[in-house]
Structures are given as structure tokens and as C-alpha cells.
Amino acid sequence: MLGPNLVSGFSVRVSWASGPATPTAPQFATQGHHIPVEAAYAGRMLRGTAVCLGTPAALARDGATHLLLGGEIYNREAIAGAVGNAFLTHGSDAELVLAAWLHWGISAFRILNGRFAAVILDSGGRIVLATDHAGSFPLWVRADEYGVDVSSEAKTLARGKSLAVDVPGAQLIPRGAGVHRVPAGTALILETVQGEVRTSSVVRTWAPPLSRTAPAPDAAVAKVRELLGEAVRTRLRDESEPTVVLSGGIDSSGVAAHAVAHSALVHTVSMGTDVSDEFEAAAAVAGHLGTDHQEISVDSADLVRELPWAVWAAEITDHTILEYLLPLVALYRRLPPGPRRILTGYGADIPLGGMHRRTERLDFLDAVIAHDMATFDGLNEMSPVVSGVAGIWSTHPYWDRDVLDCLVTLDAGLKRRYGRDKWVLRESLTGMLPDATLARPKLGIHEGSGTTSAWTAELLGRGVPEEKVEEAKAAMARRMHELIVLGGERPEDVSFDEVLLSTESALRLERRTVT
Ligand code: ATP
Ligand code: MG
């Protein structure tokens, strides 16, 4: 297995005056080896740490312009062609993005299709911070009067002691000591004016489309097949043995089917618990595709106790999203160590409306899709840190920019058709998967793995009344976020049971006060 060759996380400070010393080595959740990164130009210093898988070139340089890239780019051939330098396809992704920047300027970020975050120190002394269309490589920023700290993980910045200043165009996180999040599909240009940092431009580089197209069904099916195949192919890079996390649902089975079409050997892995699993459905797909398949069973009581790791990875307080991510975090942590590139079927339901499978009316279905697309940013579901906690690189073909643009804009009548949800995707996979898989109803990861019910059972067992379960989960998630992300505690030092106990007593106290 070759494994990924990229920067999977970083934390750097760009400074223009000697201010307070940068705090000690950042504590990343992302596992990988650390390399120092350093660049200087015209009184500006960029200095910090990159977390690496393989031996990537983290920094690229052209004259006075320096660029730090986390993640990877998927439309490499198109960029190299447009820039007129075929050799770029052989170089690093950081060099490719730098060439795109030199060619197009800020609009390069409207052309690049990838899972990345970039920091540029340009020849005019400006600092550019850019995310991909989906913000799928998180970018956090904290500015003070001496410089700007930029990181792929909020926890590395959240205890900054200096006086933080506002970063217009980025979103301040509550109680985060001045840490801001760069939104999805955004490039911020920061400048210093008389020693003070200012956002000079906020450039939106992608927005979820609101228009819809109504192609002939056959044409739509062919397009989805072609684009998903291409998204999987470009995500395999040179990996000879990719892994697909496979539930046996249509989304991950589709990714596995396309991966098999491009690789000699595909590993698939499924997880389940004592409460629930989808092993049979996944094994049927693996058998059909001839993948090297593995099942991993986790005790559900152990699974919920890994919630602190999910918070550590995703850095969010939304308990529903944490329920989706927890089984994946638990699965990744149980895979044998070593380099690994994972493809998932995550996120297909958002543009296809898969979660709204009982919504009959097309206008309602389209409205919820528009709503979900308008509100995804900040949920951090696609973060690479979810697998990074196990030193693994993961990538999500359904959130490839071209796949996403295509799926979002399709007429809702192609998403729900003949009473079937995700119709266009299922049709596009005809002939590649068993009929039973093509027809299999959706089952959410939190349902298939029993995560939701296991967490609920822990709360009910503690005496939390049923109608308070959601509230208690939300309170637990907030508390863990406070301890781990804002407070800098390690996940192994935060006990699920203690947080549960304190939440339960707080709720009891509240009940007593109310009555
Ligand atoms: P469907 O939406 O039709 O159920 P799916 O199961 O592939 O398809 P989700 O349920 O949305 O998709 O789950 C999101 C992704 O998480 C999956 O595509 C898959 O990559 C991964 N996943 C979900 N459940 C499991 C599981 N039990 N084992 C391994 N991976 C899983
Ligand atoms: Mg599923």
C-alpha cells in the first residue's frame, strides 16, 4: 500500500512584528509526522508545523510568494492544461496551486476542485486564506496585533493569550478566545494597515446553486455515472490499494463499485455493534465486487464512550452530527495502523435528499435540499480530522465539486422517481451492483450501527426522561466541546460517564427548580 502523500493538518503563525512567543508545540488530533514550515519575506514570517502523511512538499515558493497547502487537488490535469504546463501534473499539489494562483490570482480558488486549505504569503505582503468549495478541510484563524495564527484545528488556537482582534469575513466561534472559522468556499485577503490586520477582501469562490435543470432521465443517469466515476478515479491518486468504508447502502456501494473499476485491489470494511449492524448487506456487495472485505464489531457501550474522540476530531457541538461521525471515528481507530487512503459514501444524501425519503411532493423535497445545502457550512461533517485521529486520510466523492453541482441542480423528480429515493444514483449504478443493493432502502449510519439507540439507552438508564434525551445529548456534546476543544483536554482524560453524570444532575436540578 503506497498511502497518501499530503499535509493532513497544520498550524502556522504569520507575524510582522516580534510579539509574544508562539505557544509550545500545537497538540493536533490529526496523527502524522510533524515537519517545521518556515518562510520569510519583507519583514513577514510564516512559521509553524505541518502534520504529514508520506513526504509531501508542504510549501511551494515562487520568488517572493509562498504557499502552504493542506489536503489535495482533484482537477490536476485541467489546471495544468489551462496554465499551460503539463509538468505540473508530476509535481506537488502545493506547486500546482501556486501555479494556479500566479496564473489566475484569487479566482484560482473558483477553478480548483479539491479537499484543501491554502495559506499564501504573497509578494505584496498580503495573507490569503482559502478553503475548498465545501470547507472540507477546516481553516481556523486568530489574529492579534502582531500577526495571524492559522490552523486546521481550532483547539490549537483556542487558548491564545494575546488580545484577539476581529477577522471580518470569518465567523467567530462562541467562547473561543477570538478563534474564527473561514467559511466554506471563501478566500480571505488580509492586509496590515499601520501594523493592524484588516480583511481587505472576502471572495466567495463557491455557493450552493439554487437553479435546477431538467435533463432527460437517461442523460442525467449517464452524467451522474460519469462524474461519480471521475470523482472516485481522481481520489484514488496513485493508491494501489484503496479502502472503502462500506455499509452496503447505495452510497458507499456505489463508491466501492467505481473504485473496483479503477483498482486491482480494493479493501472494504464495515463496522457494526451488538445493537445493530449491516454486515449482511455489505458482505453481499463485497462478494459481488470481489473486494478484500473485513468486518469490525464494536461493543455499543464502548462506542458511546468514544464520543470524546469524535468531539476532538470534528470540533463541533451538534450532537446529531456527532452521532453520524462517532461510528466512523470508532471504525478508523480500530483499523490496523499504517498508511491508508479511504473513500466514503458520506454526504450523498444532502444533495439527493436521501434523509427526506418519505417526502412525496417534489417542491417540498427540493425545498429541504435547498435548506440543507444552505446550512451545511460549519457542521464540519467532512473534516479529514475524523479519520486523521487514526492517521488515515479520507475523502468523499459525493462532495466532489462537480458531482455536487450536478446532483444539487438536478430536478427533484429525478431524485425521487417511481416512489424510489435517490433514483438517479441507483439507476446510474445499474449493472455495477447486485439488484438487492440497488433497491435497498436508506439506513443512516447512526441507525445501522445502533449509535443513536446506544447513547439514548445510556441516558434512559441514568433516569433521564425520554422527552429530555435530545436536550441531554446536546448538553453533553457542548460540555465535551468546552473541555476538549476550548479547554485543550485530551479525549482520554474526558470521561463520558462523568459528563453524563454532571449533565443528568444539571437536568435534575432544573426539573426541581421548575416544579
Ligand atoms: P444509504 O444512505 O443508502 O444508507 P450509505 O449507507 O452508503 O447509503 P450513509 O448511511 O449516509 O450512506 O452513511 C454515510 C457513509 O458512512 C457511508 O456511505 C459509508 O461510507 C459510511 N458508513 C456508514 N455506515 C457504515 C458501516 N456500518 N460500516 C462502514 N462504513 C459505514
Ligand atoms: Mg446507510
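For ligands, and for the atoms within them, numbers begin at 1 and follow the listed sequence. The first residue of the sequence shown is numbered 1, and numbering continues consecutively from there.
- The nearest heavy-atom contact from the protein to atom 12 (O) of ligand 1 is Asp251 OD2, 3.4 Å.
- If you check each of Lys422, Arg440, Glu278 against atom 3 (O) of ligand 1, the one with the closest non-hydrogen atom is Lys422.
- Listed by number with element, the atoms of ligand 1 under 4.0 Å from a non-hydrogen atom of Leu331 are 29 (C).
- Considering all non-hydrogen atoms of both residues, Leu265 and Pro242 come closest at O-CD, 3.4 Å.
- Contact check on Glu315 versus Arg181 returns no salt bridge, with no Lys/Arg side-chain nitrogen under 4.0 Å from an Asp/Glu carboxylate oxygen.
- Only the backbone of Leu246 comes within 4.0 Å of ligand 1, counting heavy atoms alone; no side-chain atom from C-beta on gets that close.
- Within the 3.5 Å criterion, the main-chain N or O of Phe496 finds no donor-acceptor partner in the side chain of Arg305.
- Ligand 1 has no nitrogen or oxygen under 3.5 angstrom from a nitrogen or oxygen of Leu328.
- Between the Thr409 side chain and the Asp405 main chain, a donor and an acceptor come within less than 3.5 Å of each other.
- For the side chain to side chain donor-acceptor pair (under 3.5 Å) criterion with Asn113, the lone passing option out of Thr234, Asp400, Asp132 is Asp400.
- Rounded to the nearest 0.5 angstrom, Leu483 CG and Trp312 CH2 are separated by 15.0 Å.
- Ring orientation note: the planes of Trp455 and His319 are nearly perpendicular, at an angle over 60° on the 30°/60° scale.
- Between Ser247 and Ile445, every side-chain heavy-atom pair lies at or beyond the 4.5 Å cut-off.
- At the top of the distance list for atom 13 (O) of ligand 1, counting protein heavy atoms only, stands Ile445 CB, 3.8 Å.
- The contact set between ligand 1 and Thr344, taken as ligand atoms under 4.0 Å from a residue heavy atom, comprises 20 (O).
- Side-chain contact of Lys473 with Thr456: a donor-acceptor pair under 3.5 Å is present, judged by distance alone.
- Judged purely by atom type and a 3.5 angstrom limit, Ser495 uses its side chain to pair as donor or acceptor with the backbone of Glu498.
- For ligand 1, the atoms closer than 4.0 angstrom to any heavy atom of Asp349 are 2 (O), 11 (O).
- Listed by atom number, the atoms of ligand 1 under 4.0 Å from Ile250 heavy atoms are 3 (O), 8 (O).
- No part of Val244 comes within 4.0 Å of ligand 1, judged by heavy-atom distances.
- For ligand 1, the atoms closer than 4.0 angstrom to any heavy atom of Gly444 are 10 (O).
- In this model, a donor atom of one side chain and an acceptor atom of the other lie less than 3.5 Å apart for Thr30 and Glu153.
- Summary of contacts: the protein heavy atom closest to atom 4 (O) of ligand 1 is Leu443 O, 2.9 Å.
- Remark: ligand 1 atoms within the under-4.0 Å shell around heavy atoms of Ser270 are 28 (N), 29 (C).
- In terms of modelled atom types and a separation under 3.5 Å, the side chain of Arg417 and the main chain of Gly413 share a donor-acceptor contact.
- In this structure, atom 31 (C) of ligand 1 lies nearest to the protein heavy atom Ser247 CB, 3.9 Å.
- The side-chain contact (heavy atoms from CB on, under 4.5 Å) with Val245 is formed by just one residue from the set Thr268, Leu331, Leu343; it is Leu331.
- Counting only protein atoms, the N, O or S atoms lying less than 2.8 Å from the Mg ion (ligand 2) are Leu443 O, ordered by chain and residue number.
- Taking the six-membered ring where the residue is Trp, His396 and Tyr346 present tilted rings, their angle falling between 30° and 60°.
- Using a non-hydrogen distance threshold of 4.0 Å, Asp277 does not register as a contact of ligand 1.
- Scanning the protein for heavy atoms near atom 19 (C) of ligand 1, the closest one is Val245 O, 3.2 Å.
- The nearest non-hydrogen atom to atom 1 (P) of ligand 1, considering only His446, Lys442, Met271, Glu381, comes from Lys442.
- Within the structure, ligand 1 lacks Gly354 among the residues with a heavy atom less than 4.0 angstrom away.
- Listed by number with element, the atoms of ligand 1 under 4.0 Å from a non-hydrogen atom of Val269 are 29 (C).
- Side-chain contact between Arg235 and Arg115 is absent, with no heavy-atom pair separated by less than 4.5 Å.
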